[in-house]
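In what follows, a structure is listed as structure tokens, so that the remarks can point back to it.
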Amino acid sequence: LVFWADGLIEALTQRGFQVICFDNRDIGLSTWLDHMTPPPVIPAVVTHALGLGVLDPPYTLSDMAADTAAMIRALGLDSAHVFGVSMGGMIAQTMAIETPYCLRTMTSMMATTGNRRYLPKPKALGLLLGRPPRTRHEACSRMVTLMEGFSGPAHPIDRELSAAMAAQAWDRIGGRHHAQGFARQFIAVLASGSRRQALRSVRVPSLVMHGDADPLVPIAGGRAVARAIPHARFQAIPDLGHTLPPSVWPIVADALEAHAGI
């Protein structure tokens, strides 16, 4: 949850939102499911990309969507405006399909339908699957490298902010990097399959946002999400990559405010 920058949260609260951030399962201070061994990531990527077989994941995006729906209920809320980015966007889509009663609106950003045709650029995928950090310094350096590799030409990252987020995440879990949790989440994304047909049943008001310079999740994948959901609105952000730097916070906050109608 620390990767939701304070500046973005402030932009949303200034527009009337009550913002709830949380750790998904297998990350941060949520439950780590280390008794569940994930398949090796690289072979799983190849299997997924080439359609060579069926993956056997420890859990799927449906499980993560159910987690979020349960959290909304546990907080005493009937429903919420759900905004997810990257894997979070896929979870938000899954909620709109499987637990629509929990959503007032759905916003999916930097995400695809799950169709394997929307593959990352090799360099971006290589960065994502690089060696896990072993020290706090390595964690900060790796985060800066990742964000710079994923950024777009008109929206540079804030290096100090990226490093500070990585340091905070490292410190929250006692100076560790939970590589197995990342692997299980990554396999959940690959193994959950295409949502294209199921998205046609979505009736939750939906907004799809995507940067047109995204090297990790191509914008064609975002457009496919918007085409699949009846009456969904699509907003492309010029020269944005797979990051949420300060320059894009007002754009995102304005779009969410208009979408929510607050």
Side-chain angles (χ1 to χ4, degrees), residues 3 22-28 30-70 82 84-99 106 108-132 142 146 149-150 177-202 208 210 214-225 227-229 242:
F3 292 124
F22 64 99
D23 294 327
N24 283 306
R25 61 167 62 190
D26 244 341
I27 199 167
S30 288
T31 302
W32 293 8
L33 303 175
D34 288 340
H35 62 288
M36 296 180 169
T37 303
V41 171
I42 299 300
V45 170
V46 174
T47 297
H48 172 74
L50 300 180
L52 297 177
V54 178
L55 296 173
D56 183 20
Y59 51 81
T60 67
L61 294 178
S62 290
D63 297 305
M64 301 181 81
D67 290 344
T68 308
V82 176
V85 177
S86 194
M87 181 183 72
M90 302 175 198
I91 294 171
Q93 294 172 34
T94 305
M95 291 183 71
I97 295 166
E98 298 177 0
T99 58
M106 188 277 287
S108 170
M109 187 171 186
M110 305 179 193
T112 77
T113 60
N115 190 311
R116 66 175 184 269
R117 69 185 293 184
Y118 304 115
L119 297 175
K121 292 184 178 180
K123 182 177 180 180
L125 182 61
L127 284 172
L128 182 67
L129 301 181
R131 189 184 71 180
R142 173 171 163 74
L146 278 174
F150 295 163
H177 177 80
H178 193 209
Q180 289 296 302
F182 166 79
R184 284 187 287 270
Q185 291 184 350
F186 192 81
I187 296 298
V189 170
L190 298 182
S192 292
S194 175
R195 292 171 294 281
R196 186 173 67 88
Q197 290 297 332
L199 286 170
R200 299 190 186 283
S201 70
V202 170
V208 180
H210 217 111
D214 191 330
L216 191 65
V217 180
I219 190 172
R223 293 188 189 279
V225 175
R227 286 197 303 270
I229 301 174
H242 200 81

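- Not one N or O on the side chain of Gln180 forms a donor-acceptor pair closer than 3.5 Å with the backbone of His35.
- Under the salt bridge (charged side-chain N to carboxylate O under 4.0 Å, His left out) criterion, Asp214 pairs with no residue, sequence neighbours left out.
- No side-chain heavy atom of Thr112 sits less than 4.5 Å from a side-chain heavy atom of Arg117.
- Side-chain contact between Lys123 and Pro215 is absent, with no heavy atoms from C-beta onward closer than 4.5 Å.
- Residues Phe182 and Ile27 fail the side-chain proximity criterion, which asks for heavy atoms closer than 4.5 Å.
- A heavy-atom distance below 4.5 Å is found between the side chains of Leu127 and Phe150.
- Leu61 CG to Thr68 OG1: the interatomic distance, rounded to the nearest 0.5 Å, is 10.0 Å.
- Here the closest non-hydrogen pair linking Pro38 and Ala183 is CG-CB, 3.9 Å.
- When all heavy atoms are compared, the tightest approach of Ile97 to Val202 is CG1-CG2, 3.8 Å.
- To the nearest 0.5 Å, atoms NE2 (His177) and CZ (Arg131) are separated by 11.5 Å.
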Chi angles and distances behind the side-chain contact (heavy atoms from CB on, under 4.5 Å) call for Asn24, Gln185: CA-CA 9 Å; Asn24 283 306; Gln185 291 184 350; 4.0 Å; yes
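- Between the CZ atom in Arg195 and the CD atom in Glu98 there is a gap of 10.0 Å [rounded to 0.5 Å].
- Sorted by first and then second residue, the pairs that involve residues 177-194 and meet salt bridge (charged side-chain N to carboxylate O under 4.0 Å, His left out), not counting sequence neighbours, are Asp26-Arg184, Asp34-Arg184.
- Taking CE of Met95 as the start and OG of Ser62 as the end, the distance is 11.5 Å to the nearest 0.5 Å.
- Here salt bridge (charged side-chain N to carboxylate O under 4.0 Å, His left out) pairs that include residues 57-68, with residues two or more places apart or in two chains, are Arg25-Asp67.
- The minimum heavy-atom distance linking Ala111 with Gln93 is given by the pair CB-NE2, 3.7 Å.
- The shortest side-chain heavy-atom distance between Lys121 and Leu216 does not fall under the 4.5 Å cut-off.
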Chi angles and distances behind the side-chain contact (heavy atoms from CB on, under 4.5 Å) call for Thr94, Thr60: CA-CA 10 Å; Thr94 305; Thr60 67; over 6 Å; no
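- Between Val208 and Gly222 the shortest heavy-atom distance is CG1-O, 3.4 Å.
- Across Met109, His210, Met110, a single residue satisfies side chain to side chain contact (heavy atoms under 4.5 Å, CB included) together with His242, and that is Met110.
- In this structure the side chain of Leu119 never reaches within 4.5 angstrom of the side chain of Leu125, judged on heavy atoms.
- Remark: Ser86 OG to Phe3 CZ distance equals 12.5 Å, nearest 0.5 Å.
- Side-chain contact between Pro218 and Pro120 is absent, with no heavy atoms from C-beta onward closer than 4.5 Å.
- Contact annotation: the side chain of Met90 never approaches that of Ser192 to less than 4.5 Å [non-hydrogen atoms, C-beta and beyond].
- Rounded to the nearest 0.5 angstrom, Ile42 CD1 and Leu129 CG are separated by 4.5 Å.
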